[in-house]
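Numbered from 1 within each chain, the chains take letters A, B, ... in sequence-line order.
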Amino acid sequence: MRNGDSALMVVAVYPAVLGTYGDSGNATVLVARARQHGLTVDLRVIEPYAPVPASGDIYLLGGSDDAGQAGAVDALRQDGGLRRGVEGGAAVLAVCAGFQLLGRCFPAGSRTVSGLGLLDADSYRLPTRAVGELLTRPVTDLGVAELTGYENHASGTVLGPEAVPLATIEQGIGNGDGTDGARQGGITATYLHGPALARNISLADHLLEHVVGPLGALPSPPYAERLRTERVQAARAGADRPRGPVQELFEQLSRRTRRSLAGR
Amino acid sequence: MGLYRVDVGVAEGRLPLRARAAVDAGRMVNLLSRGLRLGDGTTIGGVAALTVEPALLAQVAVGRSVVLVTGTNGKTTTTRMLTAALSSEQRVASNSSGANLPPSLVVALAADSSARAAVLEVDEGHVRAVSRAVAPTMILLLNLSRDQLDRTSEVRQVASDWRDMAAELSEGCLVVANADDPMTTWAASGAPRKLWVAVGQPWTLDTVLCPACNELLERTETDWWCTSCPLRRPAPDVALDGDRMVVADGTETPLDLLLPGRANRANAVVALAAARSLGITPEAALPRIDGLSSVSGRYQTVPVAGRRLRLLLAKNPAGWRETLDILDDSLGPVLIGVNARAADGRDTSWLWDVPFERLRGRQVLAVGDRRADLAVRLQHAGVAVTMVEDLVADLARLPSSVTTLDCALTYTAFQDMRRHAQR
């Protein structure tokens with residue numbers, strides 16, 4: 001691909017640190033989708049803090065806790081492989097902490113840490129942690145009306161003029177200003193976990209098309225459409241915003257009461 | 001099932017008036033909850049009692065020797081094992097059902113007011129507050145890894161909370177901590193008195209970086225150390241070695257548990273080590289621990305639709321790592337259930353951290369509210385999956401040679417399946 005090789009190189013960046021919220025699954029889904037499109041894939045899982053190849057076609061970064069995020073950004077800055085890859089035109093999917101560390105700065109613990117500056121974005125502490133189902137409407141054409149996922153982050157993000165949001169919010173917090181994520185050059189960033197690609201296969205196609213150009217239409221993986229429909233409906237119903245054990249108990253009681261009223 | 005009964009014993013008789021009123025209020029609410037067949041009446045009464053008297057937990061603990069058991073996995077089983085071991089000598093109050101938030105602790109202590117000893121399983125996010133309230137004799141820190149992150153946010157925040165708890169303990173309190181888990185080691189290291197038990201922590205993805213200084217940890221099969229700061233695996237006082245407990249003085253005790261799996265041998269060694277520190281010899285404790293065959297329904301076999309289902313609890317990546325080993329003991333289909341209610345954690349993304357690829361070649365029946373999430377994950381793992389819409393019908397479709405199957409479930413999916421079997 002970019003390096004003249006026939007295989008598409010997918011680089012999972014430090015999944016043992018940037019993978020706290022299940023985002024390692026994005027590599028699994030992306031590789032399977034690329035193969036479904038008939039592409040040959042060379043998956044490189046880069047353990048912390050081994051050298052990151054600069055010749056990757058698609059880089060994947062996920063979420064982590066504050067300390068892991070601060071450790072990862074230092075290592076990526078020193079290594080330089082990701083920067084060279086992005087400057088060479090590679091595609092990137094960056095989720096949550098991975099999104100924030102591509103920007104100019106982000107909070108970690110009580111201090112503000114410098115990001116890689118590959119994305120025109122600054123992150124700041126939200127008044128309260130954003131946790132729950134996240135439902136958005138993509139701003140650019142991804143062939144779908146909604147993106148669905150789960151968000152769990154303490155910081156929001158303000159985009160500068162070089163970047164555009166990935167989507168506007170229907171349900172949830174995202175960047176904190178009514179939008180979620182960012183796009184700039186080959187970078188696609190978001191607060192969607194789930195993992196994002198497992199719930200939104202069109203995002204996987206979008207990353208692949210950045211590298212290989214337009215791809216033919218393919219059916220979704222089995223069960224993926226059902227999962228999408230379920231999660232979109234659940235987010236609209238507000239079913240998965242966090243609740244305390246007492247509220248949960250009352251819901252359980254009302255479920256049981258309904259069941260016994262229905263005559264079992 | 002009878003009404004919620006409280007033995008009016010010495011401890012309750014000594015309670016302040018407001019506390020006694022609070023216990024009465026809780027008792028009535030529990031009674032009401034059970035009478036209306038709304039719940040099992042182990043939590044709601046405690047909520048009511050704590051509303052009447054917020055300091056009730058401290059008051060019902062006064063004068064007792066309290067052991068707290070916390071960690072991501074193994075709390076209920078270890079609590080049960082230690083309770084069994086200590087019961088050879090005395091009455092022991094315990095929240096044996098796995099309900100581990102403060103209201104349930106109040107109910108457990110108030111329900112057995114004559115017991116001078118108590119073993120309480122405590123939610124990892126609440127243990128510091130509980131420790132302040134009850135002034136424990138001993139705290140067991142089993143392990144710590146990603147679980148219900150919608151509620152706990154970050155594993156390291158929980159560890160940091162434990163570390164603050166350890167630092168504020170009185171001289172009399174002994175912390176028994178897992179030396180093989182860098183997270184529990186870091187949390188416990190500031191405690192005044194420590195007993196290090198090396199019982200393994202096969203899941204390492206939450207401690208790739210040092211919890212103390214954020215640099216890389218190095219690991220070998222049996223050891224770990226930080227490449228940058230002094231944090232390293234402490235020399236264990238007690239260890240699990242295969243199926244034996246080995247004490248630093250060289251004495252060995254063979255385990256012969258009815259409960260399956262490596263994780264349960266780890267739980268047993270922690271319970272034996274704790275009992276030993278409380279004056280119960282392994283010889284006295286072991287028969288009571290070896291003989292446990294199920295804990296709150298876990299590992300129990302229940303009949304459903306003509307098949308026998310062995311119920312296993314599997315609710316996070318670290319727990320699943322141990323569960324996959326247990327599943328290796330059998331062949332054929334497996335039933336997996338995933339819910340994402342408050343007690344399970346609302347985000348199912350963790351399913352992608354479980355190496356379900358190990359189930360290739362076996363058929364999986366996916367049940368639970370979030371079976372679609374599970375089905376997508378299993379498809380990507382190359383595992384044949386059936387989404388179950390009607391459990392009885394789908395079980396009936398299995399070949400008649402399948403008489404028994406393992407059934408791994410998240411917390412509330414487990415409760416649902418037990419209820420289903422009881423119908």
Relative to chain B, which of [options] shows the most heavy atom pairs under 4.5 Å?
{"options": "G194(A), S24(A), G68(A)", "result": "G194(A)"}
{"options": "G25(A), G149(A), S64(A)", "result": "G25(A)"}
{"options": "N26(A), T20(A), T28(A)", "result": "T20(A)"}

Lys/Arg-Asp/Glu bridge criterion (N-O < 4.0 Å) met for [X], [Y]:
{"X": "R377(B)", "Y": "E357(B)", "value": "yes"}
{"X": "D344(B)", "Y": "K315(B)", "value": "no"}
{"X": "R236(A)", "Y": "E170(A)", "value": "yes"}

Chain B contact via [X] - side chain, backbone, both or neither, heavy atoms under 4.5 Å:
{"X": "V31(A)", "result": "neither"}
{"X": "P221(A)", "result": "side chain"}
{"X": "A16(A)", "result": "both"}
{"X": "D66(A)", "result": "both"}

message: Within the 4.5 Å heavy-atom criterion, are W320(B) and N73(B) side-chain neighbours or not?
response: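 No, too far: nothing below the 4.5 Å cut-off.
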field: Minimum side-chain heavy-atom gap V364(B)-F356(B) below 4.5 Å
entry: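 The answer is no; the side chains never approach within 4.5 Å.
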Quick check for you: among [options], which has the greatest number of heavy-atom pairs under 4.5 Å with chain A?
{"options": "P211(B), P317(B), A375(B)", "value": "A375(B)"}
{"options": "L351(B), N214(B), V155(B), V354(B)", "value": "N214(B)"}
{"options": "D353(B), T348(B), D347(B), L216(B)", "value": "D347(B)"}

Identify which part of [X] has an atom lying under 4.5 Å from any heavy atom of chain A, answering side chain, backbone, both or neither.
{"X": "V385(B)", "value": "both"}
{"X": "R371(B)", "value": "side chain"}
{"X": "S153(B)", "value": "both"}
{"X": "D369(B)", "value": "backbone"}
{"X": "L149(B)", "value": "both"}

query: Could you go step by step and tell me if D180(A) and E151(A) meet the side chain to side chain contact (heavy atoms under 4.5 Å, CB included) rule?
result: CA-CA 10 Å; D180(A) 175 60; E151(A) 63 179 330; 5.9 Å; no
- request: Apply side chain to side chain donor-acceptor pair (under 3.5 Å) to the pair Q422(B) and R419(B), showing each step before the final yes or no.
  value: CA-CA 5 Å; Q422(B) 281 161 5; R419(B) 236 175 265 130; over 6 Å; no
message: H206(A): which residues meet the side-chain contact (heavy atoms from CB on, under 4.5 Å) condition with it, sequence neighbours left out?
response: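 side-chain contact (heavy atoms from CB on, under 4.5 Å) list for H206(A), sorted by chain: L142(A), R183(A), T188(A).
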query: Between H153(A) and Y191(A), what is the ring plane arrangement, given parallel below 30°, perpendicular above 60°, and tilted in between?
result: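 It falls in the parallel class, under 30°.
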- request: Carefully, step by step, assess Y150(A) and Y21(A) under the rule side chain to side chain contact (heavy atoms under 4.5 Å, CB included).
  value: CA-CA 10 Å; Y150(A) 197 92; Y21(A) 301 90; over 6 Å; no
